[in-house]
Student: 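The following block contains the structure, expressed as structure tokens.
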2 protein chains.
Amino acid sequence: MKGTPVTLKDIAKQLGITVATVSRALKGYPDISPQTKQAVIELAEKLHYRPNPIALNLRKNHSNIIGVIIPEIVHNFFSTVISGIMDVADAAGYSVIICQTNESYTQEVKEAGVLLGSRVDGLLISLSNETKQFDHLEEFMRLNTPIVLFDKICDELNTSKITVDDYEGAFTAIEHLILQGYQRIAIIKGHAYNSMERFRGYKAALEKYGMPILDELVFEGAKLHYEEGIAFAKQMMSMPQPPDAVLTVADWLAVGLLVGVKQCGKKVPQDMAIIGFNDWQVATALEPPLTSVYQPGFEMGQLAAKTLMAEIEANEKNQPYEPINQVLKTKLIIRESSSAKKEAVLN
Amino acid sequence: MKGTPVTLKDIAKQLGITVATVSRALKGYPDISPQTKQAVIELAEKLHYRPNPIALNLRKNHSNIIGVIIPEIVHNFFSTVISGIMDVADAAGYSVIICQTNESYTQEVKEAGVLLGSRVDGLLISLSNETKQFDHLEEFMRLNTPIVLFDKICDELNTSKITVDDYEGAFTAIEHLILQGYQRIAIIKGHAYNSMERFRGYKAALEKYGMPILDELVFEGAKLHYEEGIAFAKQMMSMPQPPDAVLTVADWLAVGLLVGVKQCGKKVPQDMAIIGFNDWQVATALEPPLTSVYQPGFEMGQLAAKTLMAEIEANEKNQPYEPINQVLKTKLIIRESSSAKKEAVLN
DNA sequence: CTGAAAGCGCTAACAC
DNA sequence: GTGTTAGCGCTTTCAG
């Protein structure tokens, strides 16, 4: 019942020659008679012959597959990154196996095990928020399987890393708000590495302009999602002196915040300017459209994949390679009215 | 340089026994002395032994990988479907290789070739808009590799198919608008199979209530994206008698339409009610929140993967299987004010 | 209870 | 120019 794929043996048998000859003919080796070559190629085509990659991989001891581990696939940023990864992997003849952790350390360990078992040639990973230990990744290094960390990285591992310049992204955003006249600029931060960087940028910008860093304006988010944004809006609006601007660190958190502010009967940006690290299309479609820090996801995916491939190649040639550390620039996309000049304050 | 993974041979050598014995010990075969078994298992653990799946696959002639082809991964619906697919694939011990076509037939053929070459055990595919021929898929069938079509399907192939009930989704949406008092209900449709079904639902609902189907209210979209939505809004608003409600067939088209209507200085839903086939979170965050036809992407992914796996299993046991045809129900999510009663007309 | 050997599909070193 | 052989890592008869 099972359709048997055509093998070299089949071709050899039909032509009364050996598999070795067939293999050579198909691979265009020099020492082969034109007639045999011709016959082999024709029959191969006729039978829809396709080399079995599994056999090939067994021999060469590599799989032509790279593994990708991300926290969540239903997420604009990550799916964009994956798109970039697939773009270069495809061109290089690699397939991509994707796993998601749902921000769970346990799940991450499990998926790493699966990929290790699959003998992927390399691993691209964006760490889950929970991940504080790295034994599961060190196993890859022991087997000399290159790893490239992207976006959610850590300092503990000596591998290549690709990140977005969150520090500068936040700095620029806050500076923009300051120059527009906002005075009580809040930040909603998380616990991940990226959040720390953004917080650093936040502090640096305020310091540059001699503005105080007030504890009451620094909010700690947990889930950083839509519902939490709404909750934060209400919390802020009930403060004696609410912030007049907020930098958020996640897509849907910003959207929730906007919705929440409006639910409180307040106006954006007159009562509160909001800047998000956002999916541009969502940010554009909102009322008012949100100013946001654009993160180059596609480019990050491409770069991460390119880096990984270079390391895989070096590996196969037994050449050493140095882990690199690339930081991609963000772009502040200012949308009309979303963080316009705060007239009242300036007058 | 290359870290050599531990093989059965390594264990056998160190223990002075043969690979066969090691293999049996590891697999818990009965006929094995407790001491040997013990020793083997301990050493295996100590050396971090992992069976090489490639060798295993070569032997069993399957890859434990399923292929997924979709038009686009940066897309809420499709990434949700993938999430559902991975959910069940993961639990069943399968890995998932994802390819995107960007709605290009040529790319689809190419990716199908890659997956065929990779000897995936099964294929899940949502066809590109351009696809009118199916030779690339028939090759899978020739090799008895099960295929399950989902979302973007076709009639030409005798495989299992999972779809959303677009007909009923559109019917319910239009009926809702009619019952709210809307009179000039437009539709923006595309060329894909799904659009036809939605158009059928549109017509059926109008007919049920004795309302005419007017050519001027049926719009043909091409790209069905944000920008096109804005353009349609302007076009509609400049009509002598603009529609008072619209059913759109794509996520961002609806969002663009909403933005466009507002840019024309009109109000939603007073001047025009909009219903989209939408990502719920986007629809909620808009002003006003859009009513939308919810499509169960995660469930679709799960069901498609389950179906495929059942067919793979049947295949391996040389059991025949019948292609199934599953249709998932949509859900009309009505959001306050987005398609509220049209008072003016009712009075 | 365990070893020897064949074979999954393919390649490459070595013959002739 | 082409056949022979060995081997990638593993499982599975068949012997003993």
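A note on names: the letters A, B, ... follow the listed sequences, proteins ahead of strands, and every chain is numbered from 1.
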Student: At 4.0 Å (heavy atoms only), tell me whether B:Lys27 reaches a base, stays on the sugar-phosphate, or touches nothing.
Tutor: sugar-phosphate
Student: Which one, D:dC8, D:dT12, C:dC10, comes nearest to the side chain of B:Lys9?
Tutor: D:dC8
Student: Looking at the side chain of A:Tyr29, which of C:dG9, C:dA12, C:dG3 is the nearest nucleotide?
Tutor: C:dA12
Student: Does B:Glu313 pair with B:Lys317 as a salt bridge, N-O distance under 4.0 Å?
Tutor: yes
Student: Taking B:His136 as the fixed residue, which of B:Ile69, B:Leu116, B:Thr131 is the one that meets the side-chain contact (heavy atoms from CB on, under 4.5 Å) rule?
Tutor: B:Thr131
Student: To the nearest Å, give me how far apart CG (A:Asp10) and C1' (C:dC8) are.
Tutor: 13 Å
Student: Nearest whole angstrom, please: distance from the C1' of D:dC8 to the NZ of A:Lys60.
Tutor: 12 Å
Student: Is there, by distance only and without an angle test, a donor paired with an acceptor across the side chain of B:Arg24 and the base of C:dG3 below 3.5 Å?
Tutor: yes
Student: Would you indicate what B:Ser33 reaches in the nucleic acid, counting non-hydrogen atoms under 4.0 angstrom: base, sugar-phosphate, or nothing?
Tutor: sugar-phosphate
Student: Rounding to a whole Å, what distance do you find between B:Gln38:CD and C:dC1:P?
Tutor: 15 Å
Student: Heavy atoms from C-beta onward define the side chain here; which of C:dG9, D:dC10, C:dG3 lies closest to that of A:Ala55?
Tutor: C:dG9
Student: Any donor-acceptor pair under 3.5 Å linking the side chain of B:Glu311 with the backbone of B:Pro146?
Tutor: no
Student: For C:dT11, take OP1 and OP2 only and decide whether either is under 4.0 Å from a side-chain N or O of A:Ser23.
Tutor: yes
Student: If you measure only the distance, is there a donor-acceptor pair under 3.5 Å linking the side chains of A:Gln100 and B:Ser83?
Tutor: yes
Student: Atom CG of B:Asn57 and atom P of D:dT11: how far apart are they, to the nearest Å?
Tutor: 11 Å
Student: If you assign each of B:Val19 and A:Val6 to its closest nucleotide in DNA chain C, which residue comes earlier from the 5' end?
Tutor: B:Val19
Student: D:dT2 C1' sits how many Å from A:Leu15 CG, rounded?
Tutor: 13 Å
Student: Can you tell me if B:Thr21 touches the phosphate of C:dC1, counting only side-chain N or O atoms and a distance under 4.0 Å to OP1 or OP2?
Tutor: no
Student: Tell me the interatomic distance from A:Leu58, atom CG, to D:dG7, atom C1', rounded to whole angstroms.
Tutor: 9 Å
Student: May I have the step-by-step check of side chain to side chain contact (heavy atoms under 4.5 Å, CB included) for A:Lys152 and A:Asn129, ending in yes or no?
Tutor: CA-CA 8 Å; A:Lys152 305 288 192 65; A:Asn129 282 335; 3.5 Å; yes
Student: Select base, sugar-phosphate, or nothing to describe what A:Asn52 touches, counting heavy atoms under 4.0 Å on all strands.
Tutor: sugar-phosphate
Student: So if I take every side-chain heavy atom of A:Ile17 and compare against D:dG3, C:dC10, C:dC1, which nucleotide ends up nearest?
Tutor: D:dG3
Student: Using whole Å, what does the distance between atom P of nucleotide D:dG9 and atom CG of A:Leu56 come to?
Tutor: 15 Å
Student: May I ask you to say what B:Ile32 touches in the nucleic acid, namely base, sugar-phosphate or nothing, with a heavy-atom cut-off under 4.0 Å?
Tutor: sugar-phosphate
Student: Look at all strands and tell whether A:Ile54 reaches a base, only sugar-phosphate, or nothing, counting heavy atoms closer than 4.0 Å.
Tutor: nothing
Student: In whole angstrom, give the distance that lies between atom CZ of B:Arg119 and atom C1' of C:dC10.
Tutor: 11 Å
Student: Taking donor-acceptor contacts at under 3.5 Å, does the side chain of A:Arg59 reach the base of D:dG9?
Tutor: no
Student: Side chain of A:Thr36 only, heavy atoms from C-beta on: which candidate in D:dC8, C:dA6, D:dT2 is closest?
Tutor: D:dT2
Student: Look only at the side chain of B:Asn52 and the backbone of B:Ile54, and say whether a donor-acceptor pair between them is shorter than 3.5 Å.
Tutor: yes
